[in-house]
2 protein chains.
Amino acid sequence: MELTRPVESDKGFEKVFAFLRERLLAGSLKPGDRLVSERELASQLGVSRPIVREALRALTVLGIVEIRDRIGTVVTRPDVSVLNDFFTFALAQQADMLDDVMQARVAIECQAIRLACARAGIADFERLQRALAQIEATIDEADAGGMADFEFHRTIVLASHSETLTVLHNSLAGLLTHSHRSRRELVQSFPSVKTYLVDDHRRIFEAVIARDPERADATLRKHFAIGDEYRRRALVGETDGRKASR
Amino acid sequence: MELTRPVESDKGFEKVFAFLRERLLAGSLKPGDRLVSERELASQLGVSRPIVREALRALTVLGIVEIRDRIGTVVTRPDVSVLNDFFTFALAQQADMLDDVMQARVAIECQAIRLACARAGIADFERLQRALAQIEATIDEADAGGMADFEFHRTIVLASHSETLTVLHNSLAGLLTHSHRSRRELVQSFPSVKTYLVDDHRRIFEAVIARDPERADATLRKHFAIGDEYRRRALVGETDGRKASR
DNA sequence: ATCTGACCTTGGTCAGACCAGTAGGATGAC
DNA sequence: GTCATCCTACTGGTCTGACCAAGGTCAGAT
């Protein structure tokens with residue numbers, strides 16, 4: 001004759017997870033805090049320890065907490081690598097998503113470069129300049145050149161001084177690095193690609209230096225578009241100065 | 001004199017997680033597949049069932065698999081809600097990040113609207129038009145108006161037909177909904193805000209219809225900028241036609 | 001005052017058990 | 001022979017209680 005479900009709307013795992021979620025979101029559990037032991041948590045919530053462990057493990061893979069052996073469970077600053085994990089899984093099962101992810105990267109970078117024009121400091125400019133020099137220096141190397149390219153774009157995002165944009169860009173770029181190498185090899189067949197790479201990045205750099213958001217955005221978009229164009233032409237077998245004769 | 005660690009490099013949870021991760025990434029486990037029962041998995045890997053459950057639960061919160069009660073565990077298409085969870089946690093602990101998240105939202109939407117100009121179909125246009133009508137109809141209501149506003153922007157992103165952009169926008173927008181309401185109340189004191197809201201969205205709509213990416217992007221950015229401006233003026237106590245006299 | 005070691009607590013794991021439904025085969029009725 | 005029904009094996013969901021190894025703490029010895 002008693003209530004089948006007294007107060008608890010969620011059972012077991014959901015209960016514990018919701019409990020911790022609430023504390024985390026409300027701010028009563030802050031990064032650095034060490035939460036109570038698994039046994040105590042289990043007893044407080046009226047569930048068994050394995051269930052508590054499930055919830056803690058779930059928070060761990062989400063990068064919210066860290067379980068330290070024989071020490072306890074502590075709240076951490078949300079980590080980026082979670083997104084990386086997620087996207088890795090997501091991409092593994094939908095390879096056709098690459099172009100789509102690229103669109104998101106373009107979105108992030110174009111916004112970042114606008115912010116960078118307003119917020120970048122001397123240190124950012126210097127770092128950008130070094131990245132640009134590195135691109136020129138490694139123009140003939142596939143691997144090093146790709147890394148230099150990546151570093152340049154990453155520096156732009158860093159110069160936006162936006163944590164969120166940086167996090168997102170890191171996650172997205174991480175996914176794209178795999179395809180980056182093959183892309184670079186693809187366009188190596190075009191001699192003109194080298195001047196394109198150097199000149200484009202230089203123009204982007206100059207636009208940021210000039211603190212001209214519109215020009216920077218437009219130049220960056222054009223840069224991406226030209227890269228796409230090269231890849232498209234490579235796919236149909238063209239090389240510089242000669243149309244594919246299919 | 002015996003091996004402390006026979007062959008297994010990872011213990012317990014890591015072992016199971018790595019095992020499943022490998023299968024997932026290699027593609028031998030594809031979405032829709034039902035994996036073996038927890039008991040069998042435990043026995044195969046030489047671990048206990050609670051450990052297996054930890055690993056499965058971890059994959060669940062990552063949106064990789066779905067545990068169906070009394071049915072089994074099946075591999076799912078990577079789900080969006082994971083990002084939502086993550087961002088929610090991440091933001092909860094760094095409230096000052098709101099403006100920063102807004103920048104990311106602008107980034108996503110501006111890229112989305114460009115794609116929308118190229119990819120949107122009649123159905124998208126119709127939905128946009130309905131959203132626009134809803135904005136006009138609910139212009140005097142705080143809650144309904146906010147929802148209509150949100151719906152309009154969401155429709156734009158949907159019209160981009162980009163899964164990644166949609167996912168990111170959903171996550172980011174979810175975070176911003178909390179602050180959305182207060183923002184809307186803040187600007188209610190400006191009578192001119194109503195015409196701004198309606199006219200701006202209409203201009204955005206028209207730019208998409210015209211399939212003009214540049215104009216759409218610019219108009220959307222302006223829309224966001226004006227919103228910021230209103231909030232800035234509200235903060236210093238101004239109202240329409242009267243400068244704050246502090 | 002310092003050092004040392006026992007003890008308590010922590011996470012890490014396991015084994016076995018029970019419940020509640022589901023799926024599919026066995027069984028019975030038509 | 002076909003169909004509806006029932007039963008059993010199996011699934012996830014959870015609990016209990018236990019053991020291990022190692023970090024922290026603090027009392028007692030030096």
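Each chain gets a letter, A, B and so on, in the order the sequences are listed, and its residues count up from 1.
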S.K.: Once you round it to whole Å, what is the distance between P of D:dA22 and CZ of A:Arg68?
M.R.: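 Going from A:Arg68 (CZ) to D:dA22 (P), I get 19 Å.
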
S.K.: Evaluate whether atom CZ of B:Arg119 has more than 12 neighbouring non-hydrogen atoms of other residues, nucleotides or ligands under 6.0 angstrom away.
M.R.: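 Yes, the 6.0 Å shell around CZ holds more than 12 heavy atoms from other groups.
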
S.K.: Grab the CZ-P distance between B:Phe13 and C:dT13 for me, whole Å please.
M.R.: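 It is 9 Å, rounded to the nearest whole Å.
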
S.K.: Would you kindly compare A:Ser37 and B:Pro50 by the position of their nearest DNA chain C nucleotide and give the one closer to the 5′ end?
M.R.: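 Here A:Ser37 is the residue nearer the 5' end.
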
S.K.: Please state whether the rings of A:His201 and A:Phe152 are parallel, tilted or perpendicular, taking 30° and 60° as the class boundaries.
M.R.: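 Perpendicular, since the angle between the ring planes exceeds 60°.
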
S.K.: Using whole Å, report how far CG of B:Leu56 lies from P of D:dT11.
M.R.: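 To the nearest whole Å, that distance equals 13 Å.
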
S.K.: How close or far is atom C1' of D:dG23 from atom CD1 of A:Ile67, stated in whole angstroms?
M.R.: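 It works out to 17 Å between those atoms.
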
S.K.: CD of A:Glu38 versus C1' of D:dC15: gap in Å, rounded?
M.R.: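 Between C1' of D:dC15 and CD of A:Glu38: 16 Å.
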
S.K.: When rounded to the nearest 0.5 angstrom, what is the spacing between CG in B:Leu56 and CD in B:Glu54?
M.R.: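 So the CG of B:Leu56 and the CD of B:Glu54 are separated by 10.5 Å.
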
S.K.: Given atom CD of B:Glu54 and atom P of D:dT14, what is their separation to the nearest angstrom?
M.R.: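 Answer to the nearest Å: 14 Å.
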
S.K.: For A:Asp124 and A:His161, what are the C-alpha separation, side-chain angles and deciding distance, and is it a side chain to side chain contact (heavy atoms under 4.5 Å, CB included)?
M.R.: CA-CA 10 Å; A:Asp124 294 312; A:His161 295 276; 2.7 Å; yes

S.K.: On the 0 to 90° scale, with breaks at 30° and 60°, tag the A:His169-A:Phe150 ring pair as parallel, tilted or perpendicular.
M.R.: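 Parallel, since the angle between the ring planes stays under 30°.
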
S.K.: All N/O contacts under 3.5 Å from nucleotides 5-7 of chain C to the protein, with atom names and distances to one decimal?
M.R.:
none

S.K.: Under the side chain to side chain contact (heavy atoms under 4.5 Å, CB included) criterion, do B:Arg49 and B:Arg39 qualify, and how do the steps go?
M.R.: CA-CA 6 Å; B:Arg49 197 149 82 96; B:Arg39 286 170 237 265; 3.5 Å; yes

S.K.: In whole angstrom, what separates A:Leu45's CG from D:dC15's C1'?
M.R.: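 Going from A:Leu45 (CG) to D:dC15 (C1'), I get 15 Å.
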
S.K.: Which part of the nucleic acid does B:Arg34 contact within heavy-atom distance under 4.0 Å: base, sugar-phosphate only, or nothing?
M.R.: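 Since no nucleic acid heavy atom lies under 4.0 Å of B:Arg34, the category is nothing.
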
S.K.: Would you check, one step at a time, whether the test side chain to side chain contact (heavy atoms under 4.5 Å, CB included) holds for A:Val65 with A:Val74?
M.R.: CA-CA 6 Å; A:Val65 304; A:Val74 300; over 6 Å; no

S.K.: Along nucleotides 18-24 of chain C, 5' to 3', which nucleotides get a B, which get an S, and which get a -, given that the test is a protein heavy-atom distance under 4.0 Å?
M.R.: --BBSS-

S.K.: Any chance you could lay out the side chain to side chain contact (heavy atoms under 4.5 Å, CB included) test for B:Phe205 and B:Ile156, step after step, and finish with the verdict?
M.R.: CA-CA 9 Å; B:Phe205 171 68; B:Ile156 287 178; over 6 Å; no

S.K.: Side chains of B:Gln103 and A:Gln111: do they bring a donor and an acceptor to under 3.5 Å?
M.R.: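 Yes, A:Gln111 and B:Gln103 have a side-chain donor paired with an acceptor closer than 3.5 Å.
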
